[in-house]
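Numbers restart at 1 for each chain; the letters A, B, ... are given by sequence-line order, proteins then strands.
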Amino acid sequence: MFKDRVLRIVASIPSGKTLSYKEVAEAAGSPGAARAVGNIMKGNYNPAIPCHRVIRSDGKLCGYNRGGTEAKRALLEKEKLSQIVGK
DNA sequence: ATAATGACGTGAT
DNA sequence: AATCACGCCATTA
């Protein structure tokens, strides 16, 4: 199912890396299903899926059911910094 | 099976 | 550059 594929791809996102919903959708095999991707996470998010690494194509964030967009942004910043600084 | 929703994207104004 | 509107796809009710 597309959902499973998307989750799998999101789980494959390395730390400090951020993919856009469009990219994920494309990688899942359905380019253009960016909305569907976001919808999938929203309705069926898996604790093992770092969905916070998935952002919009604009580079902005959108939502997060786990603390809000703010927490998501902080998390991304942290991961990015860790990736750059030192691993 | 159909209708409505949404964590999007792109184009136009 | 920012905002509005429209279109798209899969999921869920």
Side-chain angles (χ1 to χ4, degrees):
Chain A
M1 206 186 264
F2 193 68
K3 185 168 63 161
D4 297 282
R5 242 176 328 198
V6 170
L7 294 172
R8 188 170 158 174
I9 291 160
V10 175
S12 300
I13 302 175
S15 314
K17 176 78 178 194
T18 48
L19 284 180
S20 61
Y21 296 97
K22 190 167 94 71
E23 294 292 304
V24 177
E26 190 181 348
S30 295
R35 298 186 74 162
V37 173
N39 212 343
I40 287 162
M41 295 187 171
K42 166 180 160 306
N44 257 39
Y45 84 95
N46 189 305
I49 310 295
C51 33
H52 64 267
R53 288 181 191 160
V54 187
I55 60 176
R56 290 204 334 195
S57 306
D58 302 79
K60 301 185 216 175
L61 306 150
C62 358
Y64 203 50
N65 53 337
R66 209 175 185 187
T69 15
E70 296 180 54
K72 179 175 170 181
R73 186 166 64 180
L75 211 53
L76 281 167
E77 292 279 320
K78 190 168 180 270
E79 292 190 343
K80 266 193 292 196
L81 193 65
S82 300
Q83 184 68 13
I84 295 168
V85 174
K87 174 181 47 254

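- With a 6.0 Å radius and a threshold of 12 heavy atoms from other residues, nucleotides or ligands, A:R73 has its CZ atom at or below the threshold.
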Q | Nucleic acid footprint by protein, nucleotides 3-8 of chain C - heavy-atom cut-off 4.0 Å, B for base, S for sugar-phosphate alone | A | ----BB
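- Distance, A:N39 CG to B:dG9 P: 13 Å, rounded to whole Å.
- A close approach under 4.0 Å does not occur between any side-chain nitrogen or oxygen of A:T69 and OP1 or OP2 of B:dA7.
- Connection of A:L7 to A:F2 is established within a shared hydrophobic cluster, with ILVMFWY side chains joined at heavy-atom distances below 4.5 Å, either directly or through further cluster members.
- Here B:dG6 presents its P atom at 17 Å from NZ of A:K3, a figure rounded to the nearest Å.
- In this structure, A:A33 reaches the sugar-phosphate backbone alone: every heavy-atom distance under 4.0 Å involves primed, P, OP1 or OP2 atoms, never a base.
- What separates NZ of A:K22 from P of B:dG11 is a distance of 10 Å, to the nearest Å.
- Atoms CZ (A:R56) and C1' (B:dT10) sit 11 Å apart, rounded to a whole Å.
- Residue-level contact check: A:K42 touches the bases, meaning some heavy atom is under 4.0 Å from a base atom.
- The cluster map of Ile, Leu, Val, Met, Phe, Trp and Tyr, joined by side-chain heavy atoms under 4.5 Å apart, puts A:M41 and A:I55 in different clusters.
- Comparing A:A36 and A:E23, the nucleotide of DNA chain B nearest to each residue sits closer to the 5' end for A:A36.
- Distance from the side chain of A:S57 is smallest to B:dT10 among B:dA7, B:dT10, C:dC9.
- Going from atom CG of A:L61 over to atom P of B:dC8 covers 11 Å, rounded to whole Å.
- Atom-to-atom, CD1 of A:I9 to P of C:dA10 comes out at 13 Å; the value is rounded to the nearest Å.
- Separation of atoms CG (A:L19) and OG (A:S57) is listed at 10.5 Å; rounding is to 0.5 Å.
- A distance of 13.0 Å separates NZ in A:K42 from SG in A:C62, rounded to the nearest 0.5 Å.
- Rounded to an integer number of Å, the gap from A:D58 CG to B:dC8 P is 10 Å.
- The base of B:dA7 sits within donor-acceptor range of the side chain of A:Y21, with an N or O pair under 3.5 Å.
- Residues A:V54 and A:V6 fail the side-chain proximity criterion, which asks for heavy atoms closer than 4.5 Å.
- Using a 4.5 Å cut-off on side-chain heavy atoms (C-beta onward), A:H52 and A:E79 make contact.
- Rounded to a whole Å, the CD1 atom of A:I40 is 12 Å from the C1' atom of B:dC8.
- Residue A:N44 places at least one side-chain N or O under 4.0 Å from the OP1 or OP2 atom of C:dT12.
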